[in-house]
Amino acid sequence: MEVNLTAGAVSRIISREVSTERDLKPLLQVIELKEVQTTSKNPQQQQEPRKSERYRLLLSDGSLTQQGMLATSKNELVKSSKLQVGSVVQLTQYLCNVIQDRMIVIIIELEVIVNKYDIIGKPVAAPRSSRLTQVPTDQPGAVMPQANSLGGSSVGGIMSDKLNTAGATLQQPTMNHWQGSSRLNESEQIRNPSANAPTFYPKTDPSAGFPGSSPTNRPFGVQSTGFNNTRPAASRPQSTSNFQSIPSYQQPSPMYSNRGAVSKNEAPPRIIPISALNPYQGRWTIKARVTAKGELRRYNNARGEGKVFSFDLLDSDGGEIRVTCFNAVVDQFYNQIEAGKIYLISRGSLKPAQKAFNHLNNEHEIFLDSTSTVQPCYEDDNRIPRQQFNFRTITDIEGMENNTMVDIIGVVSFISPAASIMRKNGMETQKRTLHLRDMSGRSVELTLWGSFCNAEGQKLQSLCDSGEFPVLAVKAGRVSEFNGKAVGSISTTQLFIDPDFPEAHRLKEWFVSTGRNTPAVSISRETSTVSRADDRKTLSQIKDEKLGTSEKPDWITVVARIAYIKLDNFCYTACPIMNGDRQCNKKVTNNGDGKWWCDKCDKAVDECDYRYIIQFQIHDHTGIIWVTAFQESGQDLMGVSAKDLYNLRYENQDDEKFMEITRQVMFNKYMFKLKVKEEIFSDEQRVKSTVVKVEKVNFSSDSRHLLDLIEKIKTNDLGPSASKAEFTTPNPGPDYAGVGIHGSRGIAPTASREYGLPVNQGGQYGNHYSGSRLRESAPSIDIFCNSCGVTGHSSTNCPTIMNGPLQSVGRDYSDRMYSGASVGRGSGTDFSSGGYGGIPSQQGIGLGCHELLV
Amino acid sequence: MQDMDISSPAAFVNGGLLRMHVGRKVRTVLQVTRSDIGSVMGRSTDGCQLVAKGSPPVPLTSYVEVIGVAENENTIRAELWTNFGDTFDASNYDKLCQLANGELKHLFL
């Protein structure tokens with residue numbers, strides 16, 4: 001059957017004479033048919049790029065070919081082979097779009113006239129530019145009239161020459177025909193401000209299917225003057241190739257967006273290394289792994305509320321950069337970004353990095369906006385490392401300046417339990433210290449703040465308690481000059497426990513073989529004068545050790561019972577006026593007329609606030625002292641607010657209820673955190689203790705503490721070690737998960753202060769440790785066990801008594817003389833150094849055992 | 001309930017120490033694993049399975065202290081039962097047992 005394709009259809013389409021089916025319903029033949037995967041990037045939804053199957057066709061009118069995209073609704077035709085290469089179709093509903101210099105026909109509806117037919121004619125690719133009406137030389141005739149009708153379109157033709165040769169200036173096209181495309185220009189130009197380049201030099205390669213490819217010459221929008229007058233000569237340069245400028249990614253002109261199926265350039269983006277990013281670059285795409293994902297932070301500034309989050313990227317070349325999102329962009333990307341995953345990111349803007357917060361090695365930072373794209377890469381690229389470190393040795397830290405950021409890796413030789421520290425602004429935070437050692441023979445103190453204490457800190461503690469020496473890698477720790485050099489964690493610090501790095505393995509090997517036993521010099525001076533907040537003391541120690549008499553107050557913890565509460569004046573009238581974000585709280589005096597006068601604020605208030613100031617006596621087995629509790633701790637203690645209590649007593653005269661509340665509090669055992677400070681009180685120096693925190697005793701952990709003390713006392717027999725007391729509690733057995741881990745730990749060599757009951761107090765057991773710290777290891781042979789009557793051990797290490805697997809992990813490097821000698825407990829368990837080293841000579845005993853007798 | 005002389009102190013024991021006090025008065029805390037008529041099977045604080053004969057209180061909590069006479073190295077004829085609740089620090093108790101039977105024995109018995 002004879003089929004006649006609509007001659008000249010393609011050129012008419014290209015020349016825009018024909019743009020929809022209303023103009024023409026051409027009969028065309030399918031020369032090529034290809035499936036493409038598109039990710040439709042609708043600016044509205046940048047979340048998940050949709051992958052859809054689309055078919056691209058090359059249509060011919062017998063002489064020229066034209067690219068077309070088939071609407072997905074018609075995919076079925078292709079799948080069922082009704083539509084295939086060679087099919088002759090009639091376009092019954094379509095649109096023509098110019099995309100990146102090329103005319104694309106979007107086919108919405110078509111009719112397949114013939115399924116398969118031999119290719120008609122020798123169609124060649126139509127020229128790419130919409131402006132170009134290049135004429136294939138074999139049909140010059142047909143072109144001319146078109147050229148004329150297009151008028152200015154011919155300018156394009158000439159233009160191509162000119163473009164190739166001369167520099168061109170940007171000029172407003174005068175032809176109406178060009179409006180569409182020129183509008184396209186402008187719209188692109190407007191539309192892509194983020195590209196930061198007035199003329200863009202797009203980097204993407206033209207996608208394979210489009211006919212021809214040409215070296216880039218000019219950006220799209222450039223036109224030359226002077227063409228208006230020239231008319232196309234008969235022979236126009238055939239060069240279809242050299243006009244085409246490399247397509248930049250241009251959105252279809254506004255008139256086409258949101259209308260119908262739009263085909264986009266599916267060219268794979270060119271990925272550039274992060275280190276090559278700069279603000280003057282147009283479009284870029286990077287492929288990198290998220291090494292750190294920051295928290296979502298909300299803030300308030302002059303412009304109102306906002307939220308922000310950042311994440312750090314690392315690519316295969318080792319380049320790193322931080323990416324930040326604000327406000328609405330946060331919502332867009334926050335859930336999408338996962339640490340450790342790889343993403344393709346483009347269309348963000350580059351700005352100089354804020355070195356104060358951004359410690360990455362890059363001068364720039366990326367800011368994403370709503371047009372940015374973040375595309376996850378599902379196949380993991382192993383070329384991109386998970387994390388990049390720049391480990392320094394601990395000796396290097398010594399030479400570093402304060403506040404430098406550093407990555408370090410070391411073996412954890414010691415970790416203290418989490419302690420609550422009061423910050424200057426009154427906020428409490430958690431803190432843990434640990435010591436890291438590395439092959440340089442040095443050790444440094446690492447302080448973990450805040451959430452690190454609970455998460456990684458606890459894990460490290462458990463590992464240490466169970467006898468391991470975990471390797472810890474720190475990324476972005478900050479060097480501080482507190483007592484020598486130390487390293488502290490900041491919000492962007494990352495910790496890796498026992499990581500799988502070669503350095504970690506090396507360290508572990510070193511440690512196991514030699515490091516364990518070599519003493520390390522600490523570059524962080526132990527602060528022996530600063531007592532930590534969780535220092536457990538007895539009340540008598542306050543006096544004995546002269547706590548509070550130094551420049552700074554001492555913070556201690558005691559466990560005691562309340563003996564007496566002074567209830568006459570348990571609160572005072574306080575000024576409620578806010579001074580910034582703190583209440584004034586100064587005592588206000590009654591004006592007489594029902595108002596309250598505050599001296600400090602110089603104002604009178606109608607209603608005063610009531611704040612606690614409770615004085616009470618607490619006692620433990622060693623002594624009794626007066627302490628004062630203010631508002632917060634008072635409220636914690638009493639359980640009711642000061643105002644309520646005041647009203648209860650004075651307004652309502654409800655004495656009974658009042659007494660009931662009080663009675664509940666009295667004689668209970670609490671754990672008090674005290675601030676002890678000496679004050680000069682009218683010529684008299686008095687040591688005053690303020691209750692900073694009060695909580696009910698956790699008997700379980702308190703017992704453990706006492707047991708610990710007992711252990712210490714017992715093993716003191718076996719000789720203390722000189723250096724730090726790193727130790728753990730013996731693990732009673734596998735069945736008791738979670739309970740065996742000891743709470744209080746971390747007795748520094750200055751432990752003497754903690755147990756420094758004078759010797760005469762500990763007389764019950766007749767253990768007088770008079771200075772010589774090291775005792776000879778008792779030879780096993782001479783000992784007779786009282787418990788089981790067998791020689792060779794003492795009752796302390798009688799095998800019949802010590803059942804559970806007692807693993808002590810003595811980490812006292814300098815105490816090697818005890819390794820091997822089974823002085824200590826646990827038959828057959830390793831007790832390399834008397835376990836609880838660090839017991840100084842003076843050792844009081846009264847504490848725990850005394851309690852047992854009670 | 002048999003009349004029992006509770007005047008002499010009961011030794012704190014765990015599973016392993018029970019055998020040292022066979023025939024004598026002991027006390028221990030068990031984590032109840034099974035409760036039948038006339039006996040309760042429980043895990044001692046050092047992981048041994050012990051049997052406490054007698055009539056446990058109803059209802060029985062997870063941890064119970066029994067005071068009674070040790071019949072053999074894993075049975076106690078319990079006279080006194082005390083519910084200790086559902087949470088209990090077994091390791092502390094175990095250490096107590098060890099201390100109480102070790103060098104500090106004289107403090108207890």
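Lettering of chains follows the sequences in order, A, B, ..., and the numbering in each one begins at 1.
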(request) Mark yes or no for whether B:N92, through its side chain, and A:S703, through its backbone, hold a donor-acceptor pair below 3.5 Å. (result) no

(request) Would you mind reporting whether A:L707 and B:L99 have side-chain heavy atoms less than 4.5 Å apart? (result) yes

(message) So, taking the atom named CG in A:D708 and the one named NZ in B:K95, what distance separates them when rounded to the nearest 0.5 Å?
(response) 7.5 Å

